[in-house]
Colleague: 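Sharing a structure with you now.
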Amino acid sequence: MITMPFMQEVNQGLGHRIDWFAFWRLVLIQAQNSFSEKGAQFLLIPLGVWLYQQEGNLEYILGAIIVLPFIVISPLSGWLSDRFCKAYIIRAMAILQLFVLLGMFLSLRGQNLEAAVGWFCVFAIQATVFSPSKKGIVKDMVGTERIGFASGIVEMASVLALLIGQLGVFVWFSYLLEPGKSSIWREWLGNGFFEWFDWMFMPNGINDGWYAAAFPCFMFLLLACGTTLLTFTLPAYKPYKTQPFSWRLLYEHFTQLGYLWKHEILRKCEMGIGYFWFFGGTIMLMTIQMAREVTGNGNDFGMQGAILMVWMSGGMVLGGVIASMLCRKGINMRVAVWGGIGMALGCLGLGVIPIFSWVFHVLLVFAGACAAAYLVPLNACLQDSAENGKRGDAIAAGNLVDCFLGLVAVGFQYAMMLFISPAMQFIVMALLSCLMTWVVARMKVRKLPLG
């Protein structure tokens, strides 16, 4: 196994030596980063509901914040990924994550929501720079033959981390918000420990919403320390191009989009991938809306939101694993087509089944699994079809499209919330899924095995 600081030149063909040990370390690193990012976001949402009740619509503000940096500095992050060693960038972003989580914890401990949201903005920038490097290094590690499987594992590990972050934080916040929950721990650990604990996490002496957000944030910080050390063990691969910095990078979006658009396979892959993130962002906000309506913004809001998200996200993990196995010997585009059909049928069923029935939960699992199966082949096809020296540009341009559609999803779902019921919103998503499945089905991928 080749480790830092040596640079490794690789053959991207079928004879590529696969570094599976490095790959699984990468999976762990990027999953932890996704977990902390989503966990931080979903700490602030119930905190806003606890502080402001009906006016605490932080989910829309945070949803916009997380995608805006991808839109603004996506070309710069793509250039960094192609110009410098991706392992060095991953390491630097892991270190930056430590400062972000420390800043968020101190802000929450000091009961300053605005500062915590400010640190979350920095987290969004960190994720923007991190993304092209974590995706681009996968092909360096496993080559063309296994990229379908490896890309699916990376994506599904990220989805699983997002699931744990969403579910865990909502449940954790609700648990910590209940009076007297620290008394059990106090019996186990003793009052001496809790003198420090109270000073650290409950300076006002009660377990309120600030405590329920600050304590998990501190745990995220401790977890990030371990994976930051792990980034120092990643192998370094030689960058593919040496383009110097230019101020054009700050507005090179249309150049990168032009490369993506003129390549038919890349264009249609990205249209499909972008729709997945639009679909996921819209459904996530719909689940939050449904949880609000059911609980009336009460303390059970976090728990009900977590229940809905775990069904959908759990289905995504299941579908992603199955799709990765189906693509283990090649990129099977039929999986994407059948996944798209399942997304449409799942949303159609969700639109006619009563909320919170067991059938509704099953359909959430089904729709999530089909969405993941739809994504895996498209993502692998995009990464494999891009030229080596342009892969970072293609991924960055794709991130730009994904996040623009993620931003559109925020406004789109907000508008639907104002005018139509959640049931009708699912019907709308079913129709849109049918349209995108038709686009994907018309793709002609000549050089990739179709299974």
Colleague: Is it the case that over 12 heavy atoms from other parts of the model lie below 6.0 angstrom from the CZ atom of F404?
Modeller: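 For F404, atom CZ is not crowded (no more than 12 foreign heavy atoms under 6.0 Å).
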Colleague: Give me the atom names and distance for the closest heavy-atom approach of L234 to A22.
Modeller: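 Of all heavy-atom pairs spanning L234 and A22, the closest is CD2-O, 3.9 Å.
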Colleague: Does the side chain of F426 come within less than 4.5 Å of I283's, by heavy atoms?
Modeller: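 A side-chain contact exists here, since the closest heavy-atom pair is under 4.5 Å.
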Colleague: Could you check, using the six-membered ring where one of them is a Trp, whether F105 and F215 have ring centers closer than 6.0 angstrom?
Modeller: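 No.
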Colleague: Answer whether the closest heavy-atom distance between the side chains of M424 and M416 falls below 4.5 Å.
Modeller: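 Answer no - side chains too far apart.
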Colleague: Between Q126 (side chain) and M93 (backbone), is there a donor-acceptor pair under 3.5 Å?
Modeller: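 Present.
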Colleague: I'd like to know if the side chain of K86 and the backbone of S81 have a donor-acceptor N/O pair within less than 3.5 Å.
Modeller: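 Side chain of K86 to backbone of S81, a donor-acceptor pair under 3.5 Å: yes, one is there.
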Colleague: For the residue pair Q413 and L285, what are the closest heavy atoms and their distance?
Modeller: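 Shortest heavy-atom separation between Q413 and L285 comes out as OE1-CB, 3.4 Å.
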Colleague: Assess the side chains of Y374 and S433: does a donor N or O sit below 3.5 Å from an acceptor N or O?
Modeller: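 No, no side-chain donor-acceptor contact under 3.5 Å.
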Colleague: Decide yes or no for S133 and F84: does some side-chain heavy atom of the first lie under 4.5 Å from some side-chain heavy atom of the second?
Modeller: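 A side-chain contact is absent here, since even the closest heavy-atom pair is not under 4.5 Å.
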Colleague: Under 3.5 Å, is there a donor-acceptor pair between the Q425 and S421 side chains?
Modeller: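 Side chains of Q425 and S421: no pair found under 3.5 Å.
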Colleague: Between L113 and W210, is any pair of side-chain heavy atoms under 4.5 Å apart?
Modeller: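 L113 reaches W210 side chain to side chain.
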Colleague: When you measure from the side chain of S131 to the backbone N and O of A127, does any donor-acceptor pair fall under 3.5 Å?
Modeller: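 Looks like no, no N/O pair under 3.5 Å.
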Colleague: Do V428 and I420 touch side chain to side chain, with heavy atoms closer than 4.5 Å?
Modeller: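 Yes, their side chains come closer than 4.5 Å.
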Colleague: Is the side chain of T227 donor-acceptor paired with the backbone N or O of L230 at a distance under 3.5 Å, no angle test?
Modeller: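 Answer holds: no.
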Colleague: Output yes when a side-chain donor or acceptor of R25 lies under 3.5 Å from a complementary backbone atom of T233, and no otherwise.
Modeller: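 Confirmed, R25 side chain pairs with T233 backbone.
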